[in-house]
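I have placed the structure first, in the form of structure tokens, so that the comments after it can refer back to it.
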Amino acid sequence: MAEQLIIQGETKQEHYEALLPQIKAVVEGESDLIANMANVASMLHETFGFWWTGFYRVEGEELVLGPFQGPMACTRIKKGRGVCGTAWQEAETQVVPDVDKFPGHIACSSASRSEIVVPVWKGKDIIAVLDIDSEKLNTFDDIDRQNLELIVRMLS
Ligand code: SME
């Protein structure tokens with residue numbers, strides 16, 4: 001496993017292209033899901049300087065806080081609630097340009113202005129979601145969605 005994250009490139013897509021093989025190398029060598037979620041959260045957080053980067057794991061009818069980087073967060077989210085619970089219920093990535101305009105958004109932190117939540121699949125089941133929050137509006141787009149969907153696929 002690489003000892004240090006190497007962040008290269010100018011554009012967001014170039015940053016993801018540099019990051020993807022490094023994440024692959026890290027998760028390929030480890031079978032523990034929590035350990036891999038922890039490193040993925042760290043690598044994304046360090047590369048992009050997001051406000052909050054982490055996972056919620058599916059436990060029965062709730063999402064429970066998993067490995068993350070950033071300020072402390074809500075620990076449990078019910079299915080269909082907030083952006084995370086909606087991504088789980090709809091089984092689809094949610095890109096939210098302005099959290100104040102998302103009905104039912106759960107404000108773990110008032111600093112969060114935009115958000116992306118990506119389901120983590122294992123076979124036909126969603127086992128977790130990756131949640132990333134930004135302090136700025138309109139941070140996330142299709143480039144993030146595509147690359148983050150590739151990244152979470154490496155976890156299962
Ligand atoms: N805002 C999220 C809750 C999780 S925190 O932002 C870390 C939501 O609406 O699901």
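As the structure lists them, so they are numbered: ligands from 1, and atoms in each ligand from 1.
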Please tabulate, one line per pair, the protein nitrogen or oxygen atoms found under 3.5 angstrom from a nitrogen or oxygen of ligand 1, with distances to 0.1 Å, or say none if there are no such pairs.
| unit_1 | atom_1 | unit_2 | atom_2 | d |
| --- | --- | --- | --- | --- |
| ligand 1 | 1 (N) | His105 | NE2 | 3.2 |
| ligand 1 | 1 (N) | Ile106 | O | 2.7 |
| ligand 1 | 1 (N) | Glu115 | OE1 | 3.1 |
| ligand 1 | 1 (N) | Glu115 | OE2 | 3.2 |
| ligand 1 | 6 (O) | Asp133 | OD2 | 2.8 |
| ligand 1 | 9 (O) | Val83 | N | 2.9 |
| ligand 1 | 9 (O) | Ile106 | N | 2.9 |
| ligand 1 | 10 (O) | Val83 | N | 3.0 |
| ligand 1 | 10 (O) | Cys84 | N | 2.8 |

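Contact check for Val120 versus Ile126: no side-chain heavy atoms found under the 4.5 Å cut-off.
Here CG of Leu148 is found 11.0 Å from CD1 of Ile143. Values are rounded to the nearest 0.5 Å.
No donor-acceptor pair under 3.5 Å is formed between the side chain of Glu115 and the backbone N or O of Pro97.
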Side-chain polar contacts of residues 83-95 - donor-acceptor pairs under 3.5 angstrom, sequence neighbours left out - could you list them?
| unit_1 | atom_1 | unit_2 | atom_2 | d |
| --- | --- | --- | --- | --- |
| Thr86 | OG1 | Gly82 | O | 2.5 |
| Thr93 | OG1 | Glu149 | OE2 | 2.6 |
| Gln94 | NE2 | Glu92 | O | 3.1 |

Review item, side-chain donor-acceptor pairs of residues 49-65, under 3.5 Å, at least two apart:
| unit_1 | atom_1 | unit_2 | atom_2 | d |
| --- | --- | --- | --- | --- |
| Trp51 | NE1 | Ser109 | OG | 3.4 |
| Trp52 | NE1 | Pro71 | O | 2.8 |
| Thr53 | OG1 | His45 | ND1 | 2.7 |
| Tyr56 | OH | Cys74 | O | 2.7 |
| Arg57 | NH1 | Glu59 | OE2 | 3.4 |
| Glu62 | OE1 | Arg76 | NH1 | 3.0 |
| Glu62 | OE2 | Lys78 | NZ | 2.9 |

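Listed by first and then second residue, the side chain to side chain donor-acceptor pair (under 3.5 Å) pairs that reach into residues 120-133 are Ser112-Asp133, sequence neighbours excluded.
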